[in-house]
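One structure below.
Excluded from the calculations below are hydrogen atoms, water molecules and symmetry mates; all remaining heavy atoms, backbone and side chain alike, are included. Positions are given from 1, in the same order as the sequence printed here.
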Amino acid sequence: MGRKRGFDETTVLDVVRDRFWTTGFDGTSTYDLMDATGLGKGSIYKAFGNKNDLYVRVFSDYCQDLVAQAREELREGPHAVLTSPMARLERYVVSLADAFATESPRRGCFLSKVTADRAGEDDMVAATARRAFEDLAGALASAIRDAQDAGEVAEHADATALGYLLLSVIRGIDNMAKAGVDGTTLRQTAQSALELIPRADAPYAPSRPTTDMPRRT
């Protein structure tokens, strides 16, 4: 039988994630991780691999938790937070804006940070981030489809496109919050994005292509 680890893996991974979250991949050395966790280099490498392996591990775990939380807050059913699908969607999006605005220090979402820092040079990070974005957009789109089924959102609405639209706004709010944009503006931005979702009781006027614009060649 192998020796039992003398540390709690979940606690160590949380500490490592927070260190990467604060100082980034390039700004965090193996020695920094040793200092933060209290583990020796050999113990870290044996349990988790090298620094890059550990970075990808904590990022992947974070993305899975983020998606699971979104699905939980947006889902319908007997254990839903709110009965109305649109109310759940509005609560989720606005609460994120409020959370980004009130965070101190304003370090933002780990998904956004890692994507900006490493996705352009690490294929594994890029694939993990892309999957997380697809899953988050899918959860938002599912909530919109639930709202369509409940008669709250117009049937002609493209739930997939609107899911990505809301996700893009949420990611933008995250970045604006880190730059110090005030909470009122962030909340109003979230609410304005939600108002773009066509309601079932609103008249539908399909867009018509214009013919008076010069055609590019």
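- One hydrophobic cluster, built from ILVMFWY side chains closer than 4.5 Å, holds both Met176 and Val169.
- The SG atom of Cys63 sits 8.0 Å away from atom CZ of Phe133, with the distance rounded to the nearest 0.5 Å.
- With Asp53 contributing its side chain and Asn50 its backbone, the two residues share a donor-acceptor pair below 3.5 Å.
- Separating the OG1 atom in Thr28 from the CG atom in Asp35 is a distance of 11.5 Å, to the nearest 0.5 Å.
- Contact annotation: the side chain of Asp18 approaches that of Arg107 to within less than 4.5 Å [non-hydrogen atoms, C-beta and beyond].
- When all heavy atoms of Gly40 and Met34 are compared, the closest pair comes out as C-CG, 4.2 Å.
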Could you walk me through whether Val93 and Ile170 pass the side-chain contact (heavy atoms from CB on, under 4.5 Å) test, one step at a time? CA-CA 7 Å; Val93 173; Ile170 292 168; 4.2 Å; yes
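- Formation of a donor-acceptor pair under 3.5 Å by the Glu103 side chain with backbone atoms of Gly108 is found in this model.
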Could you pull out all donor-acceptor pairs under 3.5 Å where a side-chain atom in residues 143-154 meets a protein atom, sequence neighbours excluded?
unit_1 : atom_1 : unit_2 : atom_2 : d
Arg145 : NH2    : Thr160 : OG1    : 2.9
Gln148 : NE2    : Ala154 : O      : 3.0
Gln148 : NE2    : Glu155 : O      : 3.4
Gln148 : NE2    : Ala157 : O      : 3.0
Glu152 : OE1    : Ser84  : OG     : 3.4
Glu152 : OE1    : Met86  : N      : 3.0
Glu152 : OE2    : Ser84  : OG     : 2.6

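- Between Arg19 and Thr37, every side-chain heavy-atom pair lies at or beyond the 4.5 Å cut-off.
- Residues Lys113 and Trp21 approach most closely at CE-O, 2.9 Å, considering heavy atoms.
- Val15 and Val114 are members of different hydrophobic clusters when ILVMFWY side chains are connected at heavy-atom separations under 4.5 Å.
- From Thr30, atom OG1 reaches atom CG of Leu39 across 12.5 Å, with rounding to the nearest 0.5 Å.
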Does Leu166 form a side-chain contact (heavy atoms from CB on, under 4.5 Å) with Leu194? I'd like the steps, not just the answer. CA-CA 7 Å; Leu166 290 179; Leu194 289 163; 4.2 Å; yes
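- A pairwise comparison of heavy atoms in Arg106 and Ala101 identifies NH2-O, 2.7 Å as the closest pair.
- Of all non-hydrogen atoms in Leu74 and Arg88, the two that sit nearest each other are O-NE, 3.2 Å.
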Trace of the side-chain contact (heavy atoms from CB on, under 4.5 Å) decision for Leu111 with Asp174: CA-CA 10 Å; Leu111 170 57; Asp174 175 20; over 6 Å; no
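- A 4.5 Å side-chain heavy-atom check between Leu140 and Leu162 finds every atom pair outside the cut-off.
- We find the CZ-CG distance between Arg91 and Asp98 to be 11.0 Å, quoted to the nearest 0.5 Å.
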Step-by-step side-chain contact (heavy atoms from CB on, under 4.5 Å) determination, Phe25 to Asp117: CA-CA 8 Å; Phe25 180 83; Asp117 287 351; 6.0 Å; no
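- Using bins of under 30°, 30° to 60° and over 60° for the plane-to-plane angle, the ring pair Phe20/Tyr55 lands in the perpendicular bin.
- Using a 4.5 Å heavy-atom threshold, the side chains of Leu54 and Ile44 count as touching.
- Considering all non-hydrogen atoms of both residues, Tyr92 and Glu73 come closest at CD1-OE1, 3.4 Å.
- Residues Gln69 and Asp65 are not in side-chain contact: their nearest non-hydrogen atoms beyond the backbone lie 4.5 Å or more apart.
- Taking 4.5 Å as the limit, every side-chain heavy atom of Phe110 sits out of range of all side-chain heavy atoms of Leu66.
- Judged purely by distance below 3.5 Å, without hydrogens or angles, the side chains of Asp32 and Ser29 pair a donor atom with an acceptor atom.
- The closest side-chain heavy-atom distance from Lys178 to Phe100 is not below 4.5 Å.
- To the nearest 0.5 Å, atoms CZ (Arg130) and CG (Asp135) are separated by 11.5 Å.
- Side-chain contact between Arg171 and Cys109: present, with at least one pair of heavy atoms (C-beta onward) separated by less than 4.5 Å.
- A distance of 8.0 Å separates CD of Gln64 from CZ of Arg131, quoted to the nearest 0.5 Å.
- Nearest heavy-atom pair, Arg118 versus Asn52, reported as atom, atom and distance to 0.1 Å: NH2-OD1, 3.7 Å.
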